[in-house]
Enquirer: 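Got a structure here, written out as structure tokens. Questions coming.
Heavy atoms only: backbone and side chains are in, while hydrogens, waters and symmetry mates are out. Residue numbering restarts at 1 for every chain, and letters A, B, ... go by the order of the sequence lines.
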Amino acid sequence: MDFVNQLQRKFIDYSSSLHREGIVDDQFTQLRKLEDENSPHFVMEVASLFFEDCEKLINNMAIALEQKQGVDFKQIDECIHQLKGSSSSIGAMRVKNACIAFRSFSDGQNREGCLRCLQQLSHEYSLLKNKLQTLFRLEKQIVAAGGSIPRVH
Amino acid sequence: MTVEQIGSEGKDQFPIGMRVLAVDDDPTCLLLLGTLLRRCQYHVTTTSQAKTALKMLRENKNKFDLVISDVHMPDMDGFKLLEHVGLEMDLPVIMLSANGDTKLVMKGITHGACDYLLKPVRIEELQNIWQHVVRRKKKDRCNSGSKEKPHPDSGEAAGIGNVDNNGKLNKKRKDQNEDEDYERDENGHDNEDPSAQKKPRVVWSVELHRKFVAAVNQLGIDKAVPKKILELMNVEKLTRENVASHLQKFRLYLKRISCVANQQANMAAALGTADSAYLRMGSLNGLGNFHTLAGSDQLHNAAFRSFPPSGVLGRLNTPAGLGIRGLPSPGTIQLGHVQNSGNPTNDLSKLQSFVPGNHNTNILQGMPMSLELDRLQHNKSVGHIGELPTTDSTTVFPGSGNLVDARITGFSNNPLLGVTSNSLMLEGSSQQATSHTSVSAIGFQNGNALSDFTSIAPASNQLQDSKAGSQGQASPINCNAGQIIRSAPQEWNAPRKDAPYQSHASINSSIPINSAMIQLGQCLDRNNSIFHKTTDLDSVGPLNFVDPLSIKHGEGDNSIMEPSVIEKEGYLMFQPRPHGSHVPDNIGSLEDLASAMMKQEGGCNGYSLRTSI
């Protein structure tokens, strides 16, 4: 069981680092708390939904910003709004903050600013996705080794 | 969409097993919300489509206890859904949003949401949402009649407290698994409730409400007493008490929308013209779930105000919208406006006449109108529109002058109106302090214009008789009674010189519906001489008043709205015919209701409003 312990420790450390770095916030912890025997993979499920959603929205915004005829800032605004809602629901703090910053540029109808923000947003999203996927891998390893996921508070 | 059965929720275990419908287009949030709700041990149904949600709700009104909905959804605005649910099903609705702007929250509340939660939603917040269900039931019980006495209901959950005289909760609990569809008037379930006094709960369906509104309109809001309404409605098994409580709610609702409309207009005025102003008017729509009015005490006291037209006028200013070209010649245009019963005298004094004649060119364009309105706005605490700079006949009420007086209030989803949100309110001011008319306000929605139009019954029926010399008591417009404002489209066709009193709704046909400009000129004027002139807007086209109902019918008649007007005791109801082209087809069932209602009102074509003078 040493191996499992090791894995578990690794998991805890990694999880804490995510919080420390602001990748995820307290809401993520809340999601964890919702996991139980009945829904052991709840966080993973929500995260994958979020990834899909986020990618789609980022794409839409990229397309919108490329429109030569004129950028539809309203659409961008809606995308940002939705992304903000879902990122805050999952606890993706940096992504959410990037959305907030983005919004001020889209309000100002500043295309250049928006493009920069979109890039930033993309970056944060990738970071989040990588880290969470690493975390989930760890989880799976623990479970596969017969252990249980430690609760991180 | 997923449905879950939580096994064995006993009736007594409320709030456990409370049936919640969750609507959110964002899958992440929806999953989270559903999970959290289930964690609270509610019985949860989720859907990402507002339309599906409505459909589910309509299929069986007793299937859910509470609705939680996101504000921003692609297929339907959350506020609209809110209105629909409130009006049709009288269920508590909680709004959910990532955006916690005060304005939005205000909008949610005015539309009748019983709560507004911010994302990310926490489970602690959800654990207490059942209170809204209890509160609503209690309110309904209190409202539905005097006969009930509180009685501990053995079957009820502790949380429910007082007995449910209507037996609704009982019914619900019992029927939860039976999925029975109760007729609204049916004495459905009976008496297993030992606490007796069980009254079958009357569900005010769209049709029933429509009848109700028709009856009220027919009688006139002032004279609408439950007994007569009941007779007119002629619905079996509906009791006078049911009608009485519904009437009370309805009045509160009207009051509320007018107040909100007023505030909105003020806000809009402050902001000047522009679409934003318009949009704000939008909040007037569907002011709400009028069912919830009963609970809003503040509405009781709120002064009912005339709605400053500023918002609307702002719109009017847009060149596109304005198409008002001609102005009536010398005669002053009498604009009636609805006055708050609260400030009758004030309002009256404010009424001003203005004569568009001389100022044709100026009138229509641009800001002046809104500015003017702003000015007007500030004149009186009541902020009724009527205040035009003195009675000077040369005063021109920019743009709006010709147009309108009618204050148009739209409330979306008002069964009366069947109009969606974002109604535009137009208000005209009537001149002559003395007369005041009930103004029909028409609400238009910015984008959707007509489809969103809600008709407004003239408030307090008071079309003042010009001859009556009744001093424009604003009072006739009884806010207390609730204003039923009907949009009165008026035809400006030809000046009617002979008309002692005319209400004109002139919407230039060139006015795109989108600008939702409706100008109703309602002239209340004591002086006959003045009156008719107002109609002299030669170039003014007919009011493009879109009756949502009419929209459906695709009236192709551009030029004139022929509202059918029913005037009862100065209470006008207009049924304008839509200007076919512009109406976006967003009509939902409530619009049907509204139109049906309107149709009932009467078939006066070629409307010219004559006050019962």
Side-chain angles (χ1 to χ4, degrees), chain A residues 24-57 60 74-93 95-100 102-104 106-107 125 128-129 132, chain B residues 1-2 4-7 22-42 44 46 48-50 68-79 95-101 103-104 116-127 275-276 279 446-447:
Chain A
V24 296
D25 61 17
D26 189 53
Q27 177 67 13
F28 190 73
T29 311
Q30 298 296 321
L31 290 189
R32 275 275 176 225
K33 288 189 187 158
L34 288 176
E35 275 186 337
D36 57 12
E37 323 70 52
N38 293 336
S39 47
H41 304 297
F42 177 64
V43 180
M44 272 191 253
E45 278 171 32
V46 179
S48 12
L49 269 184
F50 174 68
F51 294 152
E52 269 176 39
D53 217 19
C54 193
E55 278 166 30
K56 185 183 69 171
L57 289 168
N60 289 348
K74 187 162 176 295
Q75 186 197 355
I76 293 192
D77 200 55
E78 284 172 16
C79 290
I80 296 178
H81 177 89
Q82 189 173 339
L83 197 49
K84 181 179 171 219
S86 47
S87 59
S88 63
S89 297
I90 195 183
M93 189 166 84
V95 172
K96 181 187 74 174
N97 288 342
C99 288
I100 296 177
F102 198 156
R103 168 156 262 157
S104 58
S106 96
D107 278 350
Y125 164 68
L128 173 79
K129 185 170 181 184
L132 283 184
Chain B
M1 172 186 122
T2 66
E4 261 190 16
Q5 291 286 352
I6 294 189
V23 190
D24 193 336
D25 65 313
D26 182 346
T28 313
C29 297
L30 190 61
L31 175 59
L32 178 62
L33 184 61
T35 308
L36 287 172
L37 289 168
R38 282 175 198 118
R39 207 43 73 91
C40 297
Q41 295 184 283
Y42 301 138
V44 184
T46 58
S48 60
Q49 299 279 320
I68 297 187
S69 166
D70 186 29
V71 167
H72 289 81
M73 290 189 288
D75 66 330
M76 186 191 293
D77 184 25
F79 294 117
M95 302 304 292
L96 199 54
S97 178
N99 186 345
D101 257 8
K103 286 197 288 282
L104 266 188
Y116 194 107
L117 301 179
L118 289 190
K119 289 182 184 175
V121 166
R122 314 262 307 195
I123 197 169
E124 295 85 6
E125 293 174 319
L126 295 177
Q127 272 162 349
D275 289 358
S276 60
L279 289 175
N446 291 343

Enquirer: Check the pair A:Asp26, B:Arg122 against side-chain contact (heavy atoms from CB on, under 4.5 Å), reporting the backbone distance first and the verdict last.
Expert: CA-CA 11 Å; A:Asp26 189 53; B:Arg122 314 262 307 195; 3.3 Å; yes
Enquirer: Considering non-hydrogen atoms only, spot the tightest contact between A:Ser89 and B:Pro120 and give its length.
Expert: CA-CB, 3.6 Å
Enquirer: Among B:Leu30, B:Asp26, B:Leu31, find the residue that satisfies the side-chain contact (heavy atoms from CB on, under 4.5 Å) test when tested with A:Ser86.
Expert: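 Testing each of B:Leu30, B:Asp26, B:Leu31 against A:Ser86, the sole residue satisfying side-chain contact (heavy atoms from CB on, under 4.5 Å) is B:Asp26.
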Enquirer: Determine the option with the most heavy-atom pairs under 4.5 angstrom with chain A, choosing from B:Ile123, B:Leu32, B:Thr28, B:Leu36.
Expert: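 So the answer, after comparing B:Ile123, B:Leu32, B:Thr28, B:Leu36, is B:Thr28.
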Enquirer: When you compare the side chain of A:Gln82 with that of B:Asp25, does any pair of heavy atoms fall below 4.5 Å?
Expert: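 The answer is yes; the side chains approach within 4.5 Å.
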Enquirer: When rounded to the nearest 0.5 angstrom, what is the spacing between NZ in B:Lys119 and NE2 in A:His81?
Expert: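 Interatomic distance, B:Lys119 NZ to A:His81 NE2, rounded to 0.5 Å: 6.0 Å.
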Enquirer: Mind checking the CD-CD spacing from B:Glu124 to A:Gln30? Nearest 0.5 Å is all I need.
Expert: 6.0 Å
Enquirer: Select one option (side chain, backbone, both, neither) describing which atoms of A:Ser87 are under 4.5 Å from chain B's heavy atoms.
Expert: neither
Enquirer: Given a strict heavy-atom distance threshold of 4.5 Å, which part of B:Leu33 is in contact with chain A: side chain, backbone, both, or neither?
Expert: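 For B:Leu33, neither part sits under 4.5 Å from chain A.
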Enquirer: Atom CG of A:Leu34 and atom CZ of B:Arg38: how far apart are they, to the nearest 0.5 Å?
Expert: 12.0 Å
Enquirer: Is chain B contacted by the side chain of A:Glu52, its backbone, both, or neither, given a heavy-atom distance below 4.5 Å?
Expert: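 Contact with chain B is absent: no heavy atom of A:Glu52 under 4.5 Å.
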